[in-house]
Each structure stands twice: as C-alpha cells, then as structure tokens.
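Worksheet for the structure shown next.
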Amino acid sequence: MSQQQPTPTNAGHYDFTAIEAKWQNHWQDNRTFSVDNPGTPGFDETKPKRYVLDMFPYPSGAGLHVGHPLGYCATDIYSRYSRMKGFNVLHPMGYDAFGLPAEQYAVETGVHPAVTTEKNIANMRRQLKMFGFSYDWNREMATCTPDYYKHTQWIFLQMYNAWYDEECIWIDPSGRETKGRARHIDELVSELQAGKFGIDDALEIVRDPAAAAHKWSDLSEDQRGKVIDQRRLAFIGEVPVNWCPALGTVLANEEVTNEGRSDRGNHPVFRKPLHQWMLRITSYAERLLADLELVDWPEPIKLMQRNWIGRSTGAEVDFPIASGGPDAPTVGEYDRWRNGRQGAGYPAKPEEFVIRVYTTRPDTLYGATYMVLAPEHPLVAKITTEDQRQVVSEYVQSAQHKSDLDRAADTKEKTGVFTGAYAINPVNEKQIPIWVADYVMMGYGTGAIMAVPGHDTRDFEFAKVFQLPIEAVVLPDVDWLTEQLTQQRFDRDYADRTGRAGIVDAMVDGMVSTANTLNYTALNALTMLDGDPAWTEQVAVPFFTEHCDLLMDSFTGEGTAVNSDDFDGMPTAQFKKEITEALVEAGLGKGAVNYKLRDWVFTRQRYWGEPFPILHGPDGRMRPLDESELPLALPEVEDYKPTVSHDENVLPEPPLGRATQWKDVEIDGVHYSRDLNTMPQWAGSCWYYLRFIDPGNDSRFCSSDAEKYWMPVDTYVGGAEHAVLHLLYARFWHKVLFDFNHVTTAEPFKNLINQGMIQSFAYKDKRGVIISMDLVEEKSGKFFNRETGEEVAQVIAKMSKSLKNVVNPDEIISEYGADAFRCYEMFMGPLEASKPWNSRDVPGVFKLLKRIWRLVVDEDTGNLSPQLSDNPADDASLRVLHKTIKKVSEDIEAFKFNTAVSQLFEFVNTLTPMNERPRSVIEPFVLTIAPLAPHIAEELWQRLGHGQSLAYEPWPEYDERLAADDMVEIAVQILGKVKARITVPADADDKTLEKAALADDKIKKELHGKTIRKVIVVKGRLVNIVAN
RNA sequence: GCCGGAGUGGCGGAAUUGGCAGACGCGCAGGAUUCAAAAUCCUGUUCUGGCAACAGAGUGUGGGUUCGAUUCCCACCUCCGGCACCA
C-alpha cells in the first residue's frame, strides 16, 4: 500500500477533479480491484463469489454516450457493495471489437481496422476509468486479438466436430438427467457403422439410387463424408439469404429496406439460396426453451425468447396427389402406394406422390378445402399442369425477387395462383385444388399447408379472394356466434360477389330463410332471444355451418366438431388427440413439433471478423485445422471492400480472397484453399464471459478450476435490445460447451437485468419540424424558438446527432465530477425504465455531494469540521443512520438505486442542521455512500484518519430497532376518508390505537350522532371507523 | 394484427400483503446572509374555492369488488418495446 499524499485542494472546498484523479490513480497503482483465481496463493476460495458482468461495448469512434454508463454504474455499485459484504467479486470489462464500422472506415480511408479499433479502445478505456469503475483491469480484453479469437475458432471447431444426438439420455455436468446431447463426430461414424441409426438422411443427401441398400458399408468414401458433413453442428447449408450483388455480400434482414434494396447504397437485394456456414441451433430449441426455467430473468424477456423459439405442437399429414401436369405422379402410382403401405407405417421422408403438410389443428382436417405450396416448394414445377405452367412460373419468379419484408408488407392483399393439380384429402377422399402462394413459406414446417379457410384467418382471406370453398368443421361457443350475428358482422362485398347478398339482407332485415332454417322473426327480436337455446339451435348454428364464409372473421378458437364424420360432437382437444392416433394407425401422419427458430446463418463476406479455421480440398471435402494450428490469423489485404458483382447469380470472392499468399495451402502435396468468409459479430460475444474468468490462459479458453469457481455469471446487466439474439446465441454456445464438459453450468447467466434507454428532450414546432436544441430558449416553463419567437413543444426522443440532443459524459464529468454523474444517473429513475436526461437536474445531486463534504470538512480551513464530535450519538442521528444503512443495503441488493440516493438526501437533510455530528454516525455513513460515490467516500474516509482504501472495509451493519421510530403518526379515517392524525407509540396494540382514535377531538365531533358499526385497525398505519 | 410494458403535480419520479397518494430531487415563490452577486441556509409549493381556519376533487377513461383501490377484476383510450402471413 503506497503512502498517501495530501490532496491538493485550495482551502477546503469539494475539489472533485483532484479527488477523483487521486483515487483513480490510487486504485490503479495498488491494483485495488484485481481479483485472483482459485489456486493463487492468498485467494480465499471459501468466500462466496459474485460474478457481476456488463454487456461489453463495441468500441465506436464516438466513444461512450450517457446511455452506456447507466448499466455500468449499476454493476459497479453492486460490485463495490459486494466486496464490502465479503464476496470475492469478478467484475471485468472488455470490447466487442470486430464489426462493421471499423471496416467501413477502413474502406473509406485505407486505415487498418485494427488501428482504428485500438484507438477507439484507448479512448473508451480512458472514459471508463474516468467514471471510477472498479473493474479488474488485469482482465481487460478485446475479441479481435488473435489470442482471443484463437478460442472463438476453437469453439467453432468443437461444433464442426460435433453432431447432435437427439435420443441420447444422459446425466449432464450439473447432475440433471437430460435428453439430447452434442457428441463427437467420430461417435456418429461408429453409430452409423453399427447400424444404430437409419441412413435415410444419407440417401437424401447423396441422391444416389445405388445407395438404396440402406447400409453404411455400401456407401462410397465420398458419400460417407457428405453424410457426416450434413450432420455436423457447424455445417454448410443452402438457405435463402439477402444477397446484394452490388455490395458483394449477404445482408442481414435489418439491412434491407422495404423496397427490397440495400439500406446502404440502395442497391437491389435478392432472396437467393446460397451456400453458407450454418450453426445447428435448432437442435437445441427444446433445451433453450426448457432451461429458461433455470434462470432468474425478467418474465417479458423470457417470453420474448419463448416466442422467438416458437414451439408449436400438431401433426404432419400426407396428402396424395390425384392429378396434375405431365410430370405429376400417376393415379397408378398413388394406388400402388395406397395398397402397398398397409402396415408400413409413416415414412420418415414423404413419398414423391404426396404433399406433406404440418398443422397445429389436425382436428380441422375435414375442413381442408384446398392446399397451398410455398413458391420455392420442389413439387411446384412437377405437378403444375400445361395450362397453368406460364402463370405459375411467373408467380414463382416474382416471389423470388421479394424480400421477406416485402412479403410481410403485402399482408393486406393475398396473392397466389392455381397449379391445375389436385390432391386428395386423406380423411374424406375429396379432391381439392393445389395452389401456390407466398403466404406459405418454405422455411417453416414442410413448406406446404392444408388450407382450412373456415378456421384460419389467412386461409379465410385467401379463399375469399379466389372464391374457394369455405366449410365449417368447428362449432364455436354460443357467445362468439351470437356476437357475430347480432353485431351484423357480415362481409357484404363478398356476399355480393358470390351472388348471395340476399342471405345477408335477409339476415339483417330479420328474415332468415335458408335451406336449414325456417322463416324467423326480425333480427332485432332475435337479439332479445340472446341466451335462449332456440336462438342458438335454430338460427345461429345452422347459419354458421351453412354460410360461415359470409362472416367477417373465421372462427379460429376451440369448439366442438361438426361435418367431421364420426368425430362430430367431439371437443377440439380430444379430436386432436384421437385423429392423430388414427393417422398414425393408417400410416398417413404423425404427431409433430415445430419451431420458428431457424438455424443460424454464420457466414459474412466481410474482412473484419474471425476467419474460419477450415480448408477446402480439391474433392469438395473439408479439412478442419488442428487445434495446434490456431489461431488462424486474419491476413493483411490491400483493400477491405467486398468485390462488386455485376451478375446477380455470381457470388464474388470475399475480401479475404485478395490475400493471395494466405488463401492457398499445400499439405502433403494436396492443394487446399482457405475458407474466405468471416464469422458474424455475434461470435466473439457468445463466450466472452468465459474468457474474463481466465483471460491470460494460452492453452485453454479458461481453466476448469476457475470456471467451476466463478460460473455462472450472477448478475448480467445490459440493454433490452439484446433480449433475443445475443442472449440466445450465447446460451446456445454455452450448451454446446456444456455437452462436452467444458463448462459445468447448464446456463451462463443466472440473473439478468435490462437497463432502460436514456432519452433526451427535443423540440418541435407547430408543423412537427424538429428544432435544434441551441435555438430553443425557455421562458416561464414554455419553450420558444429563439429566431422566430414561435412557441415550440418539448418532446422526449432518442439521442441522435440529427436532433442535436446527444449528451456527452465527458462534459458532465468535467463540470460536476464522476461521483455526481454516477449519482445522477442512478437517481433519474428505475434502472429498467427509459427516461429522459435532464442536465438541469445534475446540480441537485452535485449539491448533495457538496453537503456530504461539508458534514466532514471545514471549507474555510480544509481541516475536519469542528462540528464532528466523539461524543455518543444522539437518538435522532442514530436513527437516520440506521435507516439509511438499511435502505441503501436493501436497495442495492434489489437494484433500486434511485431510492437509495433519495435516502442519502434524507440523511444529509437531517444531519446538516445539527450542531454536533458524531463520528460514530458519520463514519458508517461514509462507508454507506462508498458504492455510489466512491471517490468522495475514499477521500473523506482518509481524512477521518483511516490509513487505507475503504474498498474492502466491512459494510456497516444496521440495527432494526435503532432504525425504527418510537412514535408514529397514524391516520384516523371515517368511512375511508382521513379525518384526523394521531401520534402514538410505534408498538401500540390494536386496542390502544382504537381507544386513542376514538378519544381524538375531531373524531368525536365527526362521530356525533352516528353509530359505530365497525373499527378496522392496521397496526402502525391507520384506524378506519365505519360509522353512519 | 398478435404478444409484452407503462400511463401519478409544471418536470424526473416515490408509495411492504389492498392501508395517510405525491417521499426525494428539479423548477418556482418567499425569506436569511451579502454593499451586491454566486454559493449556502430556512420556509412554502397536487388542483379548485377561501384572507384564513377549512371544504371539495384527485393516480389515463368508464364501471365493479372492498370498511378502504395508484395497487385487485371487467371494458375502453393513449404511448413505448418486441414479433409480424410461423400453418
């Protein structure tokens, strides 16, 4: 511990600049906040630990804005508090340093992204230190350095060398029985050799009839390789992506405009199936969903993850093709299949002459009146008739040029074309037309649906546009029916177009005359029958089952089956179960589970990212690098720009292709070329929390002893914008490592807290035009445009350069200091809430710090305040001290910092007017403010005569009895209205309270002439007298 | 459209299980100190009526449950966030 220099303050005023610099240097020189790992001499492993983590920042050129430190302040306060509470605290910081902005800058200026990034990191580090955060700077790291991405590549190789065994039941490292596990790829080979798995996949992949022997040994070496490659957790798959030839890269959905053009440069973007690296996150869908139970996260965030995973249950059903174009399967084939499939069960892959669909509502099978294939569905070309060929291929072409966003934007008007082909509804043998429409997507389910317009909104809309039959097979509950009919929710346009306007008119006019219903009285009169069984039985139900298409909405809820043969009268849930069983028995279908979650497209055609540690051989096979060959360093190139392609069909080489020396490798006389893609920015952030545990480890991503001690992350704080992707991706990687025993917890982040966004004020004139901040002046609570004198409205908006309302933390700190900044951000409001920055409020907390300063220091002399005394503390100051310790402790534990700060105000408001300030009260108070305002606390602690930093000083204890008031004021109500207040001893019992209340003069007067019915006493709160 | 979250003074916000609405801060008003200002300290500050004591209203709107509702229930309105034809 170094000897302290006296602080250079002029006289005794609160010189935050000097104080903060002094203590920041002290912490740095003494490595105050470094923490060792288990096994290091002096490290006490028996102490409890807390791993407190921030979502690390991208080191942008703009540096930190005031939004970043909000979460960082919170974790810092919690970390400092935890150290004083006796925890070993791991509180690290680093940089998510690969990414687009540095690369864009490099494209424009030629400056290497590593140079830009290092410069930005230096600036960010300076800013982070200026806030006085208690990070263990020895653990600082960035994802873009080879000694970091070496391990990112290593984890990728773990996934490359793995497959997912869905059936495997095992005891996982946390001791739970778990179904499904990633296993080494070599084990897949032996499983296949042993014939334990069917090789249907293999047949599909190699598409070789000669392999029909269904035996592993019949496959060629090449075929075996392909089979294995397609089962890896990291594999090359063909998926439709946003391909922008002009920019030479695949774009994320967010980078594509609604017009199907690139956000940057406005170039055309195409949906194109391209070969990309994929990570098989879908294998983990079930566990990612189920293990949300293990974590202590905000329920809305869990829900967002659940929705993103999007699990649904239902059934797969095969619909045979009855007729179609010349390439369509013949009736003979279909008949042979029908006859031959008896007892054969339900095939894993659909036969060529059936359309396999997925539905969540197998109970509506009888209501399927047509089918729809996605435009990309492989059967489309095959079944389309000659007549329809032209129109179908045009439709498919135009669909290809639409982005997903485009398709979504067209939701209002459904489009599609008839293929000319028909399918057979397997439950009732009815022939139904097969359509192609882009409201069905290839990426979900089987890319084909059975359309049940009677009970699905989208099918209903489509059927109305093309006037396809709509049949009711589920009877809604009476309330729904009654509402539709009595509210006259009829689609008159549709009735008009189908020539059935008369029915609606009759219904509305009150005369229902259809085949099944007798003439009835006026609808108005029927409305009065609402609830009468006759209304339902004789009007509503017959109308619904006959004319459900005339209503505005389809009925999508659960109900009772109708028009469904033997199933009639069955409730939906039971119907689902029974028909699924029947389908299985008949070999026509099976129960199935589906997820919205897609496998993760893991390739970017960029420069500034992790290279793939994979070599591509001449035969199309891949050769992964060996662990010992890592890191595969990013090569130098002259130009970072992706190559421009003028042919939309040609994928140009990514920037890494220009590293001519680097990209070609010869091993044992065989020529290999390196993979020229890089990984997305998410990769580095998927596991950084593990690297912080042991950042210097050269041989392993982190030592297993350290991992066992520090994991899981106890508290993870960051913005809600990462609620889905980052948190899901990181959980996925973690589970892969978990399956291979590299980590010991099933989940990485135990507790998650989402900080809100810091907004800012902006000003708009009457036309809604944004006025620059510097043009606005305030006069008596109203705002005016300085130039025109026009009154402008104050609105709350995101901070942005264009609004000129960005607040720079450097300026705030130079004016008020880091402690004031920290306290202000915490005092603004609840951590999770979005709230506007108001610089006008900062002096308030600054004043608080100055007042705390003056409690201890005499401003005139710079000596300790003469009011400090060694006398025993009086009751009043003792009470406020214990209240403050209690409140601040509880609030820090609960991350409710705003109310913790307000308690500091209360303490100061109580102590300031007092003539005497007992040391026994002031010293614990100084410790109490230390997490929130560490610099001033350290300085005061030192001035109070303590030799060393208070960072590890035990957190003050509070006494519940001392914190409690002796006398309390309680309200006396009559009929719930406060009529008087009385002061009573805090521990007074109910009887005493009641007596005291009734003895009060005001109450006596109020009660005059009334009878007391009842008296309710809430101890320590109120007395309510029920009297009239 | 669907799913979340939230609506409290001039402003940011506070309120254990249903128990005194507006803690704390800003702003504003008044006062003390000062030659004066800054800084500091003290007092007041939900609205309406009233000089005042006091009375009435009041937590987005309308209803309900309760001795008692910012809190629970039903319907609706507004804002923010997420998803978006997921069969």
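Order of the sequence lines fixes the chain letters, A, B, ..., with proteins taken first and strands second; residue numbering starts at 1 for each chain. The analysis underlying the following values was restricted to heavy atoms, covering all of them including side chains, and did not include hydrogens, waters or symmetry mates.
- When the P atom is compared between B/rG13 and B/rC26, the two are found 16 Å apart, to the nearest whole Å.
- Closest to the side chain of A/Lys850, out of B/rC67, B/rG5, B/rA39, is B/rA39.
- In the set B/rA87, B/rC42, B/rA23, the nucleotide with an atom closest to the side chain of A/Tyr358 is B/rA87.
- A gap of 24 Å separates the P atoms of B/rA75 and B/rG68, to the nearest Å.
- Residue contacts for A/Glu299: at a heavy-atom cut-off of 4.0 Å it reaches no nucleic acid atom on any strand shown.
- Between B/rG18 and B/rU8, the two P atoms lie 22 Å apart (nearest whole Å).
- For the pair A/Lys850 and A/Tyr14, the NZ or CZ position fails the cation-pi test of under 6.0 Å to the six-membered ring centre and within 45 degrees of the ring normal.
- Of the nucleotides present, B/rC83 is the one that pairs with B/rG1 by Watson-Crick or G-U wobble criteria, both distances under 3.5 Å.
- Comparing B/rG12, B/rG19, B/rA39 against the side chain of A/Arg1021 picks out B/rG19 as the nearest.
- Using a 4.0 Å heavy-atom criterion, one finds that A/Asn1024 contacts the bases of the nucleic acid, with or without backbone contacts as well.
- Comparing B/rC67, B/rG19, B/rC85 against the side chain of A/Gln973 picks out B/rG19 as the nearest.
- Checking B/rA14, B/rG4, B/rG25 against every side-chain atom of A/Phe827, the shortest atom distance belongs to B/rG25.
- Using a 4.0 Å heavy-atom cutoff across all strands shown, A/Lys896 reaches sugar-phosphate atoms only and no base atom.
- Paired with A/Phe821 under the rule ring pair (Phe, Tyr, Trp, His ring centres under 6.0 Å), one option of A/Phe846, A/Trp837, A/Phe827 passes, and it is A/Trp837.
- Heavy atoms of A/Leu1022 sit under 4.0 angstrom from at least one base atom.
- Picking from B/rA87, B/rC67, B/rG13 the nucleotide with the shortest atom distance to the side chain of A/Pro830 gives B/rG13.
- The residues A/Glu558 and A/Arg361 are annotated as not salt-bridged, no charged nitrogen and carboxylate oxygen being separated by less than 4.0 angstrom.
- A/Asn594 comes within 4.0 angstrom of nothing in the nucleic acid, heavy atoms only.
- Following rounding to the nearest Å, A/Leu848 (CG) and B/rG25 (P) show an atom-to-atom distance of 9 Å.
- For A/Lys835 and B/rG81, the NZ to P distance is 16 Å, given to the nearest whole Å.
- Base orientation at B/rG5 is anti, since its O4'-C1' glycosidic dihedral falls outside 90° of 0.
- A donor and an acceptor atom never sit less than 3.5 Å apart when one is taken from the side chain of A/Asp841 and the other from the base of B/rC26.
- Pair check for B/rC41 finds B/rG31; Watson-Crick or G-U wobble, both atom distances under 3.5 Å.
- Taking atom C1' on both B/rU40 and B/rG19, the two are 40 Å apart, rounded to the nearest angstrom.
- A donor-acceptor contact under 3.5 Å links the side chain of A/Lys414 to the base of B/rC85.
- Annotation: B/rG7 and B/rU61 have their C1' atoms spaced 11 Å apart (nearest Å).
- Atom-to-atom, CD1 of A/Ile1003 to C1' of B/rC67 comes out at 14 Å; the value is rounded to the nearest Å.
- Between A/Glu286 and A/Arg311 there is a salt bridge, with a side-chain nitrogen of the basic residue lying less than 4.0 Å from a carboxylate oxygen of the acidic one.
- Among B/rU16, B/rG12, B/rA87, the nucleotide with an atom closest to any side-chain atom of A/Pro836 is B/rG12.
- The residue A/Asp459 sits apart from the nucleic acid: no heavy atom pair falls under 4.0 Å.
- When heavy atoms are screened at a 4.0 angstrom cut-off, A/Phe905 is found touching the sugar-phosphate backbone but no base atom.
- A salt bridge does not link A/Asp990 with A/Lys1019: none of the charged nitrogens is closer than 4.0 Å to a carboxylate oxygen.
- Taking atom C1' on both B/rG50 and B/rA55, the two are 9 Å apart, rounded to the nearest angstrom.
- Rounding to whole angstrom units, CD of residue A/Gln759 and P of B/rG12 are separated by 11 Å.
- Distances were taken from every side-chain heavy atom of A/Glu906 (C-beta onward) to each of B/rG19, B/rA23, B/rC85; the shortest belongs to B/rA23.
- On the C1' atoms, B/rC11 is 14 Å away from B/rU45, given to the nearest whole Å.
- By the 4.0 Å N-to-carboxylate-O rule, A/Arg356 lies close enough to A/Asp318 to be salt-bridged with it.
- Among the heavy atoms of the strands, none lies under 4.0 Å from A/Gln903.
- Residue A/Thr457 is classed as having no contact, given no heavy-atom separation below 4.0 Å to the nucleic acid.
- Within 4.0 Å (heavy atoms only), A/Arg851 reaches sugar-phosphate atoms of the nucleic acid but no base atom.
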I would like to know whether A/Tyr595 and A/Leu288 meet side chain to side chain contact (heavy atoms under 4.5 Å, CB included); could you show each step before the answer? CA-CA 12 Å; A/Tyr595 302 92; A/Leu288 288 169; over 6 Å; no

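- For the P atoms, the distance from B/rG60 to B/rG56 is 23 Å, rounded to whole Å.
- With B/rG19, B/rU40, B/rC85 as the choices, the nucleotide that has an atom nearest any side-chain atom of A/Arg854 turns out to be B/rU40.
- The side chain of A/Asn909 lies closest to B/rC24, out of B/rA87, B/rC67, B/rC24.
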